[in-house]
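Predicted, not measured: the structure shown is a model, and the values here were computed from it. Note that these values count all heavy atoms, side chains included, but never hydrogens, waters or copies made by symmetry. First listed ligand is number 1; within each ligand, the first listed atom is number 1.
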Amino acid sequence: MLVHPASDRDNPSHPSRPARAQVAADGFGGLLTIDLAAVRRNYRLLADRAPTAEVAGVVKADAYGLGAVAVASALYAEGCRTFFVAHVEEGVRLRAVLRTDATIVVLHGPPPGSEPDCDAEALIPVLNCGEQLAAWLRFSTRNGLPGTCAVQFDTGMTRFGFDLSEAGFVAEAFARANIAPCLLMSHLACADDAGNPANRLQRDRLGTLRALFPSSRFSLAASSGIFLGSGYHFDLVRPGAALYGVNPLAGTPNPMSPVVRLQGRIMQIRAVPAATAVGYGLAATTRSATHLATVAVGYADGFPRGVLNKAAAWLGETPLPLVGRVSMDSVVVDLGAVSEALPRPGDLLDILCGHYGIDDLAADAGTIGYEILTRLGARYWRTYVA
Ligand SMILES: *Cc1c(COP(=O)(O)O)cnc(C)c1O
């Protein structure tokens with residue numbers, strides 16, 4: 001049976017925490033709230049965009065840091081039946097909580113010797129190279145197993161998978177073993193750049209493999225690829241980031257619902273005069289007399305250090321600019337805009353919210369939403385809302 005993480009009494013990321021979430025949460029500097037209803041809404045939106053394909057869910061890296069158990073369970077409840085992880089170990093953990101009708105695909109394939117683990121947990125390995133192919137076919141035929149697997153071809157990204165020139169050799173190896181891969185996949189290098197000619201090229205190259213693998217299902221698109229149109233959907237699409245609210249359409253409004261809210265706790269508030277230098281390197285100076293709040297979220301919590309004098313925390317509708325450098329465990333925030341009604345130590349400020357989301361922070365930090373997302377979560381109290 002699926003683990004149901006919807007209540008804040010269950011906290012899969014902190015299984016040893018006491019059941020009284022509020023008391024335990026008080027001991028944390030940051031609170032991460034993950035909206036599983038938004039994940040499910042995003043899944044439905046992607047399914048609408050790819051009506052002829054199966055929509056899988058990519059939950060590698062602990063569902064991009066949001067908790068693979070909670071996220072996969074929510075996706076399962078929404079009808080998702082195929083899940084992608086990167087490592088065998090991630091697949092084994094996921095299998096422990098997903099029903100047997102869920103398919104779990106391991107993108108990196110089996111490291112040598114882990115073929116029995118794949119078989120025991122009914123994980124479908126993606127075979128990316130000749131060594132993995134040979135070991136998997138040998139293991140399967142020797143043990144009289146069906147050898148269910150996926151195969152990846154490199155259609156232009158030069159990262160994972162067989163060269164197209166090896167397609168004949170791969171097909172022959174499968175034919176000799178009397179096994180057919182259930183899924184044939186490739187990955188787009190430039191899907192977030194709709195006009196890039198590499199997209200078409202990769203799609204057409206994948207298409208040429210249909211004749212060699214007539215009984216296999218095909219898959220190319222991840223989050224952004226879904227928005228390139230039906231020609232890119234093949235039989236199965238593999239979104240990750242878009243499920244978690246990251247904008248799959250760079251530079252245009254985000255069609256996905258935000259999933260993550262991050263709040264930081266105010267540890268201390270001080271009144272300071274104008275021209276007060278703040279933080280490491282005394283890299284910022286107050287312009288006028290104000291109140292400053294020290295908030296317990298820093299770069300060790302995944303808040304990027306590169307946002308010097310950018311970004312803001314929020315108190316309701318009011319942005320409160322960050323002042324100076326991000327420390328390991330804290331940032332300093334200017335409360336000048338709320339001087340009439342100051343918050344108090346212990347109160348929470350929004351760090352990521354509807355006003356300022358993952359992609360905004362990523363832009364201010366000079367990175368992508370994926371990196372922001374996958375670095376969150378290790379140190380926060382997590383609450384799941386359904
Ligand atoms: C991570 C990954 C995905 C999901 O990508 P998103 O851009 O997060 O949707 C899909 N396929 C492969 C091969 C991946 O490595």
Side-chain angles (χ1 to χ4, degrees), residues 38-39 42-43 45-47 49-50 53-66 68 71-72 75 80 82-88 90-91 94 103-110 123-129 132 149-162 181 183-194 196 198-199 202-203 205-206 217-228 232-250 254-260 358-359 362 367-377:
V39 173
N42 288 337
Y43 181 84
L45 186 148
L46 296 172
R49 299 303 296 246
E54 178 183 353
V55 181
V58 178
V59 295
K60 62 190 180 187
D62 201 26
Y64 293 43
L66 301 184
V71 166
L75 290 172
C80 181
T82 302
F83 299 86
F84 285 81
V85 294
H87 303 293
V88 172
E90 292 177 336
L94 195 59
T103 298
I104 301 174
V105 186
V106 179
L107 288 166
H108 286 190
L123 308 178
I124 297 185
V126 176
L127 307 178
N128 289 302
C129 62
Q132 287 184 335
C149 63
V151 177
Q152 178 152 222
F153 278 91
D154 175 25
T155 55
M157 186 172 179
T158 322
R159 186 178 71 169
F160 280 114
F162 290 93
L183 184 72
L184 220 88
M185 59 173 276
S186 191
H187 193 59
L188 292 167
C190 304
D192 58 346
D193 177 11
N196 197 311
N199 293 324
Q202 289 198 262
R203 179 194 67 183
R205 283 175 175 163
L206 184 64
R217 296 204 301 157
F218 275 55
S219 176
L220 178 63
S223 293
S224 298
I226 292 172
F227 293 85
L228 293 176
Y232 290 81
H233 296 165
F234 290 88
D235 305 304
L236 178 145
V237 294
R238 316 181 303 264
L243 292 171
Y244 313 129
V246 172
N247 189 356
L249 302 167
N254 189 354
M256 314 313 299
S257 298
V259 168
V260 167
I358 289 166
D359 291 301
T367 182
I368 56 173
Y370 291 68
E371 188 178 8
I372 299 293
L373 194 59
T374 51
R375 291 188 176 197
L376 296 177

Subject >> Mutual orientation of the aromatic rings belonging to Tyr370 and Tyr64 [parallel < 30°, tilted 30-60°, perpendicular > 60°] >> reply: tilted
**OP:** Report all protein residues having a heavy-atom distance below 4.0 Å to some atom of ligand 1; order the list by chain, then number.
**Re:**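 The answer is Val58, Lys60, Tyr64, Leu107, Arg159, Met185, His187, Ala222, Ser223, Arg238, Pro239, Gly240, Ala241, Tyr370, counting any residue whose heavy atom sits under 4.0 Å from ligand 1.
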Locate the shortest heavy-atom distance separating [X] from [Y]; write the atom from each residue and the value.
| X | Y | answer |
| --- | --- | --- |
| Asn199 | Ala194 | ND2-O, 3.8 Å |
| Ala242 | Asn42 | O-ND2, 3.5 Å |
| Val126 | Pro110 | O-CD, 4.4 Å |
| Val55 | Pro239 | CG1-CG, 3.8 Å |

**OP:** Please check if atom CZ in Arg49 has more than 12 non-hydrogen atoms from other residues, nucleotides or ligands closer than 6.0 Å.
**Re:** no
